[in-house]
Amino acid sequence: MIIFLSQTPLRLAGSKGRILDQDPDTGLYRFEFVDLRGTDMEAIVQFVFKEQREQIRNSKM
């Protein structure tokens with residue numbers, strides 16, 4: 001799987017993994033990372049924290 005973390009600047013993260021299941025209501029998949037490199041894991045964690053901060057900021061407005 002390749003994840004696009006941002007368009008500008010282009011930031012990608014990639015990993016092998018397996019699909020665990022799919023939510024019947026939303027159609028979203030649960031994915032388990034396998035052999036995730038440390039740099040890709042750090043990029044994903046930073047992306048998630050950034051998105052969470054943004055959602056918190058927007059919810060307070």
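- Going from atom NZ of Lys50 over to atom OG of Ser6 covers 6.5 Å, rounded to the nearest 0.5 Å.
- The distance from the CE atom of Met41 to the CZ atom of Phe33 is 10.5 Å, given to the nearest 0.5 Å.
- Interatomic distance, Ser15 OG to Ile44 CD1, rounded to the nearest 0.5 Å: 7.0 Å.
- Annotation: the span from Asp40 atom CG to Arg11 atom CZ amounts to 10.0 Å, rounded to 0.5 Å.
- Residues Val48 and Phe31 are members of one and the same hydrophobic cluster, defined by side-chain heavy-atom contacts under 4.5 angstrom among Ile, Leu, Val, Met, Phe, Trp and Tyr.
- Residue Leu10 places its CG atom among more than 12 non-hydrogen atoms of other residues, nucleotides or ligands, all under 6.0 Å distant.
- Between Phe47 and Phe49, the ring centre distance reaches or exceeds 6.0 Å.
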Go through Ile56 and Asn58 one step at a time and tell me if the side-chain contact (heavy atoms from CB on, under 4.5 Å) criterion holds.
CA-CA 5 Å; Ile56 291 168; Asn58 289 338; over 6 Å; no
Go through Tyr29 and Asp21 one step at a time and tell me if the side-chain contact (heavy atoms from CB on, under 4.5 Å) criterion holds.
CA-CA 6 Å; Tyr29 290 93; Asp21 63 9; over 6 Å; no
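- A donor-acceptor contact shorter than 3.5 Å links the side chain of Gln22 to the backbone of Gly27.
- Between Leu20 atom CG and Glu32 atom CD the span is 5.0 Å, to the nearest 0.5 Å.
- Hydrophobic cluster membership is shared by Leu36 and Met1, with clusters built from Ile, Leu, Val, Met, Phe, Trp and Tyr side chains linked at under 4.5 angstrom.
- A donor-acceptor contact closer than 3.5 angstrom is absent between the side chains of Gln55 and Glu51.
- Residues passing the side chain to side chain contact (heavy atoms under 4.5 Å, CB included) test with Thr39, sequence neighbours excluded: Arg37.
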Derivation and outcome, side-chain contact (heavy atoms from CB on, under 4.5 Å), residues Ile19 and Arg30:
CA-CA 6 Å; Ile19 295 173; Arg30 285 186 37 217; over 6 Å; no
